Amino acid sequence: MELELSPDQKLFQKSARGLLDREHSLDRVRALEDGDPRWSREWWRKGAELGWAASIVPEDLGGGSVSGAGVRDLALLAEELGAGLAPGPLLPVNVVLAGLVEAHGAGPDHTGEIEALVAGESVASWAVYEPGREWAPAAPGLTATPAPGGFVLDGVKDRVEDAGAADLLLVTAGTGEGVAQFLVPASAAGVSVAPQWSLDLTRSFGEVRFAGVEVTGDALVGAPGDERIIERQLQIAVVVQCAELCAVLDRAFAMTTQWAFDRYSFGRPLASYQALKHRFADMRTWLEACHGVTQGAAAAVQDRAPDAAELVSAAKSYVGDRAPVVLQDCVQLHGGIGVTWEHDLHLLLRRAVLDQALYGTPRDHRLRLADLASL
Amino acid sequence: MTESTIESVESFRLRARAWLAESMPRRADEDPPPMTDDDTADWERARELQRMLHAGGFAGICFPREYGGLGLTRAHQQAFTEESDGYEMPLVLNVPTFAICAATLLDEGSEEQKRERIGAAVRGEEVLCQFLSEPRGGSDLAGVTTRAERDGDGWVLNGAKTWSTSAYAADWGLCLARTDWDVPKHRGLTMFLVHTRAPGVTMNRIRMVNGVREFCEEFFDDVRLPASAVVGEVNGGWAVASRQMFHERNAVGGGSPYVSGRGHPRTVPKVTPLEVLRASGGSADPRIREMAGEYLAARAVEQATTDRVSRAIGTGVLPPAAASLLRLLHAEGAQLSDDLALAIAGANAATGTGAEPGAGGRAAIGYLMRQSASLGGGSTEMARNVISERMLGMPREPAPDHDVPFKQVRRGR
C-alpha cells in the first residue's frame, strides 16, 4: 500500500470498500454453487461509476485518475478489491484498456470501445493463453490470415477471464508480420465459448474457439509486430495481480495475528511462543517486501521508467512465490480449522494461487529477468 | 539553515556530477578482492578519498554543518550516491564509521564529541569502530561484564571485547561497559569513547573461515579514560547502545542516510551469482537462468523495500523498530545470493581454476560464510524478537535477569 494517500485517493479507496461491503460478503462467496454467475453487469457498472475502469485511460478518451498517477491508483484499487475478494472484470478490462490506450493513434481507432469500457457499458478480456501451453504471448498458435478487407482468425484460446460475460475479446494472433492483436466481438460468427473450472470461487474463465472468424482491418489494435503494446498489457496485469496479492496477504496475516493473541495453549497465548513469534516476524518482513516491490513496480510502470519491465518481473517473481508460502503458514498457525470450507483462509489462498499462476508464473518472470539482463 | 536557503537536489546533483568528473578517479575494473592479505593500503586509500571528498565540499552530506557536514537531506545524499557510481569512493568508511558510530554520536554525544569526532571522520582524519560484543556475550548485549570504575574525575577500564569490525584500522571505539553492579543490567551501563591505541589496549585480529581478518578482539587492562570520554549519561549507556543498534540495523539493511556511494567495499570479498555465471561464459541452461533471475528479483525487492521502509521510518508511518525488517530481509537476500552462487557454480565449486580458487571456488568460500549476514550486527533471532514484540506487540520472552541487581545474575554454570 502507498505509505501516504491523498484525500482523493482515500475517497476512491473508501467508495470501493463501501460498494464491496454492501454487495459482496465472503459468506456470499462461500455459498456460490457451480454455474452461479459470479457478478452482474449492474455490479460492474456501479464499479465503473466509481472509476474502476478509468484510472489508466487519459481524460480525452473518457478516463481520468484521482491522483494523476493512474497506474498507482489502479494498484490501490486492486488492493481494495483484492482484500475483499471482489468479483468482476477489474483485471481483464484494465488490461485490455492498457492495450487500447497504448495503441491509440498508431492504428485503427478504438475510441468508442474505450469509452464504453470506461463507462462499464461494455466488458472485455484478453485472449492470450492457448490450451496446453504456458505463458508465451509472443508466440501464438492462433493465426490471423489476411483476407479481402481484413483477416480470418483460426485457433483456440483458454484461461480467458470472464470469457462468458465479455462483449469484446482482445485476441493475440500470429500473422506473417509478427504478433498482432485484434479486438473481436464475442458475438462474431465462428466464436464459441465453453466454461472452464476455476480454482478461485469468485472468478470465471472460458475456452474460446475461433473457427474462420472474419474480422475487418479495423479490428487491429496497433500495428502487427509492435510488442510494446503486449508489454504494457503484461505490466498492468502484473501490477494488478501483485497489488491484489499484497492485500490478500495483509488480510490473512491480520487474521492470523489476531488468532495468535486470542488462542491459548498450555495456559498462554500462541503469540507468546518464540517459535511462533519468529514465524510471524518472517511473515511481517515478507509482507513489507511484497509491498515494497509492488509499489516500486507500480511507480516504475506509472513513470515508464527504464527499469519498469525488470521491476514488474521482480515483483511477480517475489510476490508470486511468497504469497502461497505466507498463506500456507497462516493455515498451519490456525491449526485444523484452517483447512475447513467454513474458514476464510482458503478463499484467500485460492485467489493467491490463481494470481501466482496467470500472466507468467514466478519462474517465467525469473527467466524474463535473465533475458532482460542479457545474461 | 532554513528550507528555502538549501540548494535544490537537482542543482546539487549537477554540481556533484561536474566535480566528480573533474576530481575523483574512475573505479577500475576490480581485481578479486583480497582474501587474507594486509589491506593497509585500502584503508589509507579510503582516508585519502574521504579527504578529497571533504576538500571538494561533498563530505558528510547529511551531517549538520556545525559538526563538519553539509546539513543537507537524504535526497541530496541519494543524488550524490547515484552520481558517484563508477567512481572510486571510500566505501569502507561507511560502516561502521559514518552509518553507526558518527550517527550515534550525533544523537547521543556531547557537543565536544560531535565537533571533534564527527568532524575528524568527515575530514578523513579518523576512523571509528564499536566495542560492544563480548566473548561470552552473544545476543545479550546488556549483559556486558567489561567494567569501568571511577578513578578521581576519570575512569579505569578492564575487560574484553570481540567481533569489532575493522577495529584494527580505527582510531576510536564506542565501548559499552558496566559502571554499576548493584542495579538491573540495563541501568548500570555507560558508553565510553576509547582510543584504540591507548595504553592498556591490546588488539588481535580474528581469522574467519574465508581467510578474511576484518574482525578484532580487544583486551583492556587498566585503561585510563577522562570524564569527557563518557557518551551520554553515566549509567545511561543502554540508551546510547539502543540508538547504536538502531543505526546498525538500519545500516545493515541499507537504510542509513549517512552512507555515501554504492556497493561493497573491496575488503568484503563477495562473489555474486551473476559473476559466477559470467565467469563461465553465460549460460543457455534455463535452470541456471532461472537462478540468476531469482537473484535479480531479490536484489530489486531489497532495494525497493529499503526505499519504502526508510521513508516510512523517516515520516513516522513505521516505528524505528521497523529497521529490523530491513535487517532480516538483507540477511535473507545475502543467504540466497550465496546459495545461488554455489548452485550456479555447480561442480566447479569443488576445485579451483589451477592453483587459484576461480569463480567457482570463490562461490564455495562465500558459502562457508553464508550465515555471517544473519549473525553480524545482532543475530536474526534478535531481529525477529524486535519485530514480533515491538511491531506486532507480542508478549516478551520471560527473563530471569529482569529487575535483579546485575551482580546477582547468573552468568554461566
Side-chain angles (χ1 to χ4, degrees), chain A residues 1-4 253-254 257 260-261 268-300 307 310-322 362-375, chain B residues 253 273-274 277-278 282-284 286-312 314-318 322 324-333 380-398:
Chain A
M1 186 175 303
E2 298 263 351
L3 289 167
E4 281 165 271
F253 183 73
T257 308
F261 281 105
R268 56 182 173 123
L270 294 181
S272 70
Y273 288 91
Q274 195 174 48
L276 305 188
K277 282 158 67 181
H278 282 193
R279 289 167 68 174
F280 278 99
D282 281 333
M283 287 197 280
R284 180 66 185 78
T285 304
W286 298 333
L287 228 58
E288 197 68 32
C290 287
H291 279 288
V293 72
T294 298
Q295 209 181 0
D307 60 352
E310 185 194 336
L311 269 161
V312 159
S313 285
K316 185 63 194 280
S317 165
Y318 188 81
V319 182
D321 264 359
R322 277 296 128 201
R363 178 171 193 270
D364 291 327
H365 283 275
R366 289 197 278 272
L367 290 171
R368 200 171 98 104
L369 281 166
D371 293 343
L372 289 167
S374 307
L375 290 172
Chain B
L274 303 189
L277 190 150
R278 289 199 179 103
S283 178
R287 291 176 309 166
I288 289 185
R289 296 183 70 74
E290 190 192 349
M291 289 192 262
E294 187 175 9
Y295 169 73
L296 288 165
R299 212 172 59 170
V301 169
E302 204 180 318
Q303 182 62 53
T305 309
T306 298
D307 289 349
R308 173 183 163 89
V309 173
S310 308
R311 267 189 295 129
T315 56
V317 172
L318 285 175
S324 290
L325 298 171
L326 300 182
R327 190 266 171 280
L328 202 49
L329 189 67
H330 171 72
E332 206 167 68
T380 42
E381 282 74 15
M382 295 305 287
R384 290 185 175 98
N385 282 349
V386 170
I387 294 165
S388 57
E389 291 170 6
R390 292 195 225 155
M391 291 191 73
L392 303 176
M394 293 178 161
R396 292 182 63 103
E397 291 304 302

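Convention: sequence-line order gives letters A, B, ...; per-chain numbering from 1. All figures in this text were calculated on a predicted structure; none of them were measured in a lab.
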[X] and [Y]: which non-hydrogen atoms are nearest, and at how many Å?
X      : Y      : value
B:P286 : A:R363 : CB-NH2, 4.3 Å
B:P395 : A:A271 : CD-O, 3.3 Å
A:Y273 : B:E397 : C-OE2, 4.4 Å

Drop me the distance from [X]'s [atom1] to [Y]'s [atom2], to the nearest 0.5 angstrom.
X      : Y      : atom1 : atom2 : value
B:S388 : A:R279 : OG    : CZ    : 13.5 Å
B:T305 : A:W286 : OG1   : CH2   : 14.0 Å
B:I387 : A:K277 : CD1   : NZ    : 12.0 Å
B:R308 : A:H291 : CZ    : NE2   : 6.0 Å

If you count heavy-atom pairs within less than 4.5 Å of chain B, which of [options] leads?
options                        : answer
A:L367, A:L375, A:V293         : A:L375
A:D282, A:L311, A:T257         : A:D282
A:S313, A:G296, A:G292, A:P362 : A:G292

Where on [X] is there a heavy atom nearer than 4.5 Å to chain A: the side chain, the backbone, both, or neither?
X      : result
B:R278 : side chain
B:L326 : neither
B:L329 : both
B:I288 : neither
B:T315 : side chain
B:D307 : neither

Measuring heavy-atom distances to chain B, does [X] have an atom under 4.5 Å in its side chain, in its backbone, in both, or in neither?
X      : result
A:F280 : both
A:D371 : both
A:S317 : side chain

Whether over 12 other heavy atoms sit under 6.0 Å from A:R268 CZ
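Yes - once you tally the heavy atoms of other residues, nucleotides and ligands closer than 6.0 Å, there are more than 12.
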Pairs of donor and acceptor atoms involving the side chains of residues 291-302 of chain B, under 3.5 Å and at least two apart or interchain, shall be tabulated with distances.
{"residue": "B:E302", "atom": "OE2", "partner": "B:H330", "partner atom": "ND1", "Å": "2.9"}

Does a side-chain heavy-atom distance below 4.5 Å link B:E381 with A:H278?
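Result yes, sub-4.5 Å side-chain heavy-atom pair found.
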Report yes if the side chains of A:P269 and B:M394 come closer than 4.5 Å at any heavy-atom pair, otherwise no.
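No, every pair of side-chain atoms sits at 4.5 Å or beyond.
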Top of B:V309, B:N385, B:V386 for chain A proximity - count of heavy-atom pairs under 4.5 angstrom
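Answer, by heavy-atom pair count under 4.5 Å with chain A: B:N385.
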Among B:V317, B:L277, B:L392, which has the most heavy-atom pairs under 4.5 Å with chain A?
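It is B:L392.
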